[in-house]
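Data block below; observations after.
Per chain, numbering begins at 1; letters A, B, ... match sequence-line order.
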Amino acid sequence: MANNTVRTRFAPSPTGYMHVGNLRTALYAYLKAKNQDGTFILRIEDTDQERYVEGAVDIIYDTLRQTGLTWDEGPDVGGPVGPYVQSERMGMFKQYAEQLVKDGKAYYCFCTPERLEKMREEQKAGGAVVGHYDGHCRNLSQEEIQKNLDAGVPYVIRQKMPKEGVTSFDDAVYGHIEVNNSELEDQILIKTDGMPTYNFANVVDDHLMGITHVIRGSEYLSSTPKYNLLYQAFGWDIPVYIHCPPVMKDAQNKLSKRNGDASYQDLMEKGYLSEAVLNYILLLGWSPKGEEEIFTLEEMVKIFDEKGISKSPAIFDPLKLRAINAEYIRRLPAEKFQEIANPWIDRAVHVEIDRALLCANLQPRCEVLSEILEQLDFFDAVVPYTTDLYTNKKQKTSPETAKQALEALLPVLEGMQDWNRDAIFEACKQKAEEMEVKNGWLLFPLGIALSGKQRTPGGGTDLAAMMGKQETVKRIQDALKML
RNA sequence: GGCCCAUUGGUCAAGCGGUCAAGACAUCGCCCUUUCACGGCGGUAACCCGGGUUCGAUUCCCGGAUGGGUCACCA
């Protein structure tokens, strides 16, 4: 891998399921790297023990692997700038903060939580910016500092922020953004326990790992100036920022991890295809140049351009996901469809049927694999129904005509030698011609008799072919008894 | 509340001073048809509101409204 190329990272916290918003961030980071022939890095940010969820790291691995977002450097595969698990990097941050203290760009702060609390109350009463640290320890004398240090007074390390002027940066998505430095407070770099704050660790890690493009959610937009002030304090190169708008559940609420169907795992269980999900989230907040919107991962890599990322939040639309999933299913080679449909068919059907023929009928009728279950509920046994199902205006059928139709069909079918789809249909069609009736008049009732349903994956003759002669004849005879 | 950001049909969105304002999903209708689908064809449907700037604003500027984000010894 060449030097100087793009290096992006996906840095999730193992705090639970992977929802589509997270996955989209990973996708974009992967695409950006690969589009430039760069390196995609996985870093696990597991320092929040409070929220740590058992097994969450595996979910991250599994999701990225299943979607094909393979990382070039990461906890398991290693790499030149490891370790890639943040908890294993904890020891190294304090020296960086102390370097800043030496340079006069940061300072020890011995303020107690109680004093901070009191300070905030006073700010509320006065006119000062509420919440900002008042700089109490910013100018302690060397003697005072040493005295406190010697006495073992707990302290944090804070960065000296400029009090005037503006800090600005150019985001690849949002453009030029600037904030007044007076809005920024002296941020804590190292906590009382000696551990770095998230922001600090993030900057140091990204720099040490040579990240050139930081791709993350827009919730970081307003803290980016703080990040940049840190890069500047160290004299490090500032990365390119690509902030992505949030994925919403509706106009008001972000997609929540709690909401079941938002997670990748749940979508898989519901019978969505991994490729389809990836394709949908690609389009959630990003638009391609042309009008094609179905892409393989390889194609995505080729066409991805962060300029296509939109600035406003996008609402997750399950209907569109379904449509894209349906498109993927339809494009599957027949054998492949049968392969992935089989487990679902197994759950619904326990008798022998012609699965190849079934699948040929199922494939265009199935938007999500889980639908297979309800669609095939009539194979084991006819679904209980009433004879008014035979009434169909368009086919001009009724229970009475159905009786005639089935009585006419029964001997035809009983006389079949070769029991296959085309032969059955031909024979039935001939019968219809002979009786001078429309195919539908004759065959619509057959479907009802065989299934007990008006909607089935395949017409009457298809169902007959699938379930076999014996079962077909039996079901017609049973149906006739009701008429 | 301060600051930052956003606002095109129901949804995702193209647009980047002059367009009959793309496309996709959804929806409606027609065709095809042994049900239902697939497929094909067609329809309905949008620039948040005021002011400017300009010969001309969806596009640029300023307000307002609405929505989102952010203001921790959490990540």
Given B/rU35, is OP1 or OP2 found less than 4.0 Å from the side-chain N or O atoms of A/Gln395? yes
Nucleotide forming a Watson-Crick or wobble pair with B/rA24, both distances under 3.5 Å: B/rU11
At under 4.0 Å between heavy atoms, what does A/Asn361 touch on the DNA or RNA strands: base, sugar-phosphate, or nothing? nothing
Give a yes or no on whether a donor-acceptor pair under 3.5 Å exists between the nucleobase atoms of B/rC4, that is its base, and the side chain of A/Ser222. no
Among B/rA6, B/rC36, B/rA24, the one nearest any side-chain atom of A/Ser312 is B/rA6
Need one value for A/Gln454: base, sugar-phosphate or nothing, where a base atom within 4.0 Å counts as base even if backbone is also close, heavy atoms only. base
What's the separation between atom CG in A/Leu140 and atom OH in A/Tyr107, rounded to the nearest 0.5 Å? 9.0 Å
By nearest atom, which of the nucleotides B/rG2, B/rG69, B/rA72 is closest to the A/Glu185 side chain? B/rA72
Checking B/rA75, B/rG10, B/rA26 against the side chain of A/Leu319 (C-beta onward), the nearest is B/rA26
Distance-only donor-acceptor test (3.5 Å): side chain A/Arg365, base B/rC36: yes
Examine the base of B/rU70 for any acceptor or donor lying under 3.5 Å from a partner atom in the side chain of A/Ser223, and report the outcome as yes or no. no
A/Val179 has its side chain closest, among B/rC12, B/rC25, B/rC4, to B/rC4
Tell me what A/Gly460 touches on the nucleic acid: a base, only sugar-phosphate, or nothing, going by heavy atoms under 4.0 Å. base
If pairing requires Watson-Crick or G-U wobble contacts with both distances under 3.5 Å, which nucleotide is the partner of B/rU70? B/rG2
Among the nucleotides B/rA72, B/rG68, B/rA37, whichever has the atom closest to the side chain of A/Gln252 is B/rG68
Within-4.5 Å side-chain heavy-atom neighbours: A/Leu413 and A/Trp419: yes
Could you check which nucleotide pairs with B/rC38 in any of the strands shown, counting Watson-Crick or G-U wobble with both distances under 3.5 Å? none
Between A/Tyr272 and A/Tyr328, does the ring centroid distance fall short of 6.0 Å? no
With the side chain of A/Pro313 defined as its heavy atoms from C-beta on, choose the nearest nucleotide among B/rU11, B/rG69, B/rA6. B/rA6
Kindly indicate whether the side chain of A/Lys394 and the base of B/rU33 share any N or O donor-acceptor pair separated by less than 3.5 Å? yes
